[in-house]
Protein chains: 2
Amino acid sequence: MTEQKENKTLSVQALRRLPDYLHYLKGQNPKKDQYISASTLANALRLNEVQVRKDLAAVSPTSGKPRAGFEVTQLIQGIEDHLGYHSVDEAVLVGAGKLGQALLSYEGFRNAGLNIVAAFDSNPEMHHTSLDGKYVFPMDKLVNLCQRMKIHIGVITVPTTHAQEVCDLLIEGGILAIWNFAPVNLKVPSHVYVRNENMAASLAMISQHLKQQYQKDSMEVSSS
Amino acid sequence: MTEQKENKTLSVQALRRLPDYLHYLKGQNPKKDQYISASTLANALRLNEVQVRKDLAAVSPTSGKPRAGFEVTQLIQGIEDHLGYHSVDEAVLVGAGKLGQALLSYEGFRNAGLNIVAAFDSNPEMHHTSLDGKYVFPMDKLVNLCQRMKIHIGVITVPTTHAQEVCDLLIEGGILAIWNFAPVNLKVPSHVYVRNENMAASLAMISQHLKQQYQKDSMEVSSS
DNA sequence: GCATAATCGATATAGTATTATCGATTATGC
DNA sequence: GCATAATCGATAATACTATATCGATTATGC
């Protein structure tokens with residue numbers, strides 16, 4: 001058995017970088033480049049070299065070889081371990097609107113360790129239809145199905161107004177982690193983890209950046 | 001003219017919290033609660049009180065009153081200023097698949113200062129159809145339309161394989177900021193800002209949390 | 001083989017972000 | 001009016017993250 005790796009040295013920020021590393025590594029030819037150096041990775045992803053080295057040291061099962069780098073296959077293995085890609089978790093999705101459908105049909109999640117096994121929606125017209133192989137059930141089946149299947153992850157893609165009530169149902173069904181796409185601060189008991197996908201925050205960063213850009217530009221113009 | 005507020009004290013993390021503050025404040029009754037305290041907000045959003053106070057101090061045009069708090073309307077004004085919601089930026093979206101459609105039909109962006117004016121897709125069947133009032137154009141119209149309309153934001157919701165080429169087109173069209181939903185590290189010139197919507201990273205956090213949870217649980221069981 | 005240069009790991013430093021503390025201010029209720 | 005308690009702003013302490021530096025290690029090419 002692969003011994004349980006200590007994850008303590010891995011910061012939240014580092015965890016966010018792992019998918020990027022993984023993506024890059026998977027794009028490599030394992031025959032041609034058996035090893036990869038932290039420097040190379042850092043350069044490709046525009047990160048600091050030391051930072052990358054530290055991250056890799058934390059996830060790699062074997063340590064890096066001077067002059068060569070880290071073994072690519074080992075790295076991939078290590079990163080996927082840390083990301084939990086090897087233990088596929090089952091999830092349910094609530095809200096089969098456009099966003100919900102987009103997520104349901106996104107095959108990439110499967111590789112990333114998330115398997116959405118069923119969807120729920122309050123709209124009767126959608127019931128028992130199949131979206132990309134996943135059936136849409138009425139809301140009143142939710143709690144029971146989650147409990148019976150021991151599902152631990154719930155994805156919320158319903159309108160803001162219904163997010164909290166859906167959240168409550170999921171918790172009743174025994175969900176332990178919620179991936180929330182509605183812009184609300186969900187109230188949950190302490191044992192439940194909520195990950196907010198905050199589109200508005202992302203937007204804010206973009207618009208903030210553009211604003212600063214404009215400001216800088218206008219300053220340059222006026223001072224020249 | 002409202003004088004240009006100095007944004008320097010506002011950290012990236014703080015910026016991420018602003019949409020949450022805003023959402024909460026908008027949910028308040030301005031007649032009933034003219035003032036709101038940092039403590040109240042902190043409690044509602046489960047944040048540290050001092051942190052909230054610092055954030056509010058940075059965005060509020062007027063300082064808070066002891067014992068009362070900050071004026072709600074002023075705060076909303078201040079936050080929206082900082083988020084750039086008062087200068088609605090126009091954007092184009094490339095890739096009218098499920099995710100693209102979800103974003104097109106998400107009305108919330110309008111309030112958040114983003115107005116998607118047009119969509120592009122390589123699939124001829126979609127051309128000139130209208131999704132939620134936005135027309136889908138063929139790819140070869142992209143550069144010209146962006147330039148003519150002076151669009152500065154591009155949203156990429158195409159498959160990974162085409163993301164970079166779409167990105168290049170957008171830049172050719174004069175785009176300054178890119179909101180990228182494809183899991184690729186886009187190569188862009190230094191004046192272009194890229195905001196990656198990293199679903200995989202979010203997933204990682206969830207699975208990481210669940211893993212720790214399981215570990216903790218099993219430890220508790222085995223030690224009892 | 002041996003010098004060279006690339007890379008590593010470890011440790012130190014710098015930079016950010018969060019949380020704690022404290023005196024000053026002011027609404028509230030007696 | 002005056003004591004009280006809630007809140008503020010400022011500053012200090014802590015924790016977290018990123019970057020720089022340096023000696024140790026090892027592939028590469030002569």
Side-chain angles (χ1 to χ4, degrees), chain A residues 5-18 20-21 24-25 28 32-72 74-75 78 82 198 201 204-205 208, chain B residues 5-18 20-21 24-25 28 32-72 74-75 78 82 198 201 204-205 208-209 212:
Chain A
K5 191 88 187 161
E6 305 283 339
N7 293 6
K8 61 188 166 193
T9 46
L10 210 47
S11 71
V12 175
Q13 303 302 324
L15 195 58
R16 286 180 194 245
R17 288 187 290 269
L18 292 191
D20 290 337
Y21 297 146
Y24 184 87
L25 292 172
Q28 295 308 105
K32 195 155 163 268
D33 299 306
Q34 202 175 344
Y35 288 89
I36 189 164
S37 72
S39 335
T40 311
L41 247 176
N43 219 267
L45 303 182
R46 299 167 181 214
L47 296 170
N48 180 282
E49 182 187 320
V50 180
Q51 187 176 57
V52 173
R53 191 170 299 132
K54 256 182 98 178
D55 291 348
L56 296 191
V59 298
S60 176
T62 60
S63 54
K65 267 191 185 173
R67 186 68 204 246
F70 294 80
E71 221 178 305
V72 173
Q74 297 266 322
L75 268 188
H82 274 259
N198 197 343
M205 320 264 302
Q208 171 84 1
Chain B
K5 193 89 184 161
E6 304 283 340
N7 293 6
K8 61 188 165 192
T9 46
L10 211 47
S11 71
V12 176
Q13 304 302 324
L15 195 58
R16 285 180 193 244
R17 290 187 289 269
L18 292 191
D20 290 336
Y21 296 146
Y24 184 88
L25 292 172
Q28 295 308 104
K32 194 155 163 268
D33 299 305
Q34 203 174 344
Y35 288 88
I36 190 162
S37 72
S39 333
T40 310
L41 247 175
N43 219 268
L45 302 183
R46 299 165 180 214
L47 296 170
N48 180 281
E49 183 186 321
V50 181
Q51 188 177 55
V52 173
R53 192 170 298 132
K54 256 182 98 178
D55 290 349
L56 296 191
V59 298
S60 176
T62 60
S63 55
K65 266 190 186 174
R67 186 66 205 247
F70 293 81
E71 219 177 305
V72 174
Q74 297 265 324
L75 268 187
H82 274 260
N198 197 342
M205 319 268 294
Q208 171 85 359
H209 177 86
Q212 282 174 357

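Throughout, a chain's letter reflects where its sequence line sits, starting with A, and its residues are numbered from 1. All values below come from the heavy atoms of this structure, side chains included, with hydrogens, waters and symmetry mates left out.
With sequence neighbours excluded, the residues forming a side chain to side chain donor-acceptor pair (under 3.5 Å) with A/Tyr35 are A/Lys65, listed by chain and number. Under the side chain to side chain donor-acceptor pair (under 3.5 Å) criterion, A/Glu49 pairs with A/Arg53, sequence neighbours left out. B/Asp55 is linked by a side chain to side chain donor-acceptor pair (under 3.5 Å) to B/Arg17, B/Tyr21, counting only residues two or more places apart in sequence or in another chain.
We find that CG of B/Asp55 is positioned 10 Å from C1' of C/dT18, with the value rounded to whole Å. Rounded to whole angstrom, the span from the NZ atom of A/Lys54 across to the C1' atom of C/dA12 amounts to 11 Å.
Using a 4.0 Å cut-off, no side-chain N or O of B/Gln13 falls inside it from OP1 or OP2 of C/dA17.
Between B/Gly78 and B/Pro61 the shortest heavy-atom distance is CA-CD, 4.2 Å. In this structure, A/Leu15 and A/His82 approach most closely via the heavy-atom pair CD1-O, 4.5 Å. Taking both residues in full, the closest heavy atoms of B/Thr62 and B/Phe70 are given as O-CD2, 4.2 Å, listed atom of the first, atom of the second, then distance. Nearest heavy atom pair, residue A/Val52 against residue A/Ala38, reads CG1-O, 3.7 Å. A/Asp33 and A/Val72 get closest at one heavy-atom pair: O-CG2, 3.5 Å.
In this structure, CG in B/Leu56 is found 8.5 Å from CD1 in B/Ile36, a value given to the nearest 0.5 Å. Separating the OG1 atom in A/Thr40 from the CG atom in A/Leu45 is a distance of 10.5 Å, to the nearest 0.5 Å. Note: B/Gln28 CD to B/Gln34 CD = 13.0 Å, rounded to the nearest 0.5 Å.
Annotation: proximity of residues 36-49 of chain A to DNA chain D (heavy atom, distance under 4.0 Å) is found for A/Asn48, numbered in ascending order.
Residues B/Lys65 and B/Arg17 each lie close to DNA chain C; by heavy-atom proximity, the contact nearer the 5' end of the strand is made by B/Arg17. Annotation: of the two residues near DNA chain D, A/Val12 and B/Gly64, the 5′-most nearest-nucleotide partner is B/Gly64.
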How does DNA chain D read in dot-bracket, base by base from 5' to 3', with Watson-Crick or G-U pairs under 3.5 Å and | used when the partner is on another strand? ||||||||||||||||||||||||||||||

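If you walk DNA chain D from 5' to 3' and mark each nucleotide with an atom closer than 4.0 Å to a heavy atom of chain B, the marks span D/dA5 to D/dG9.
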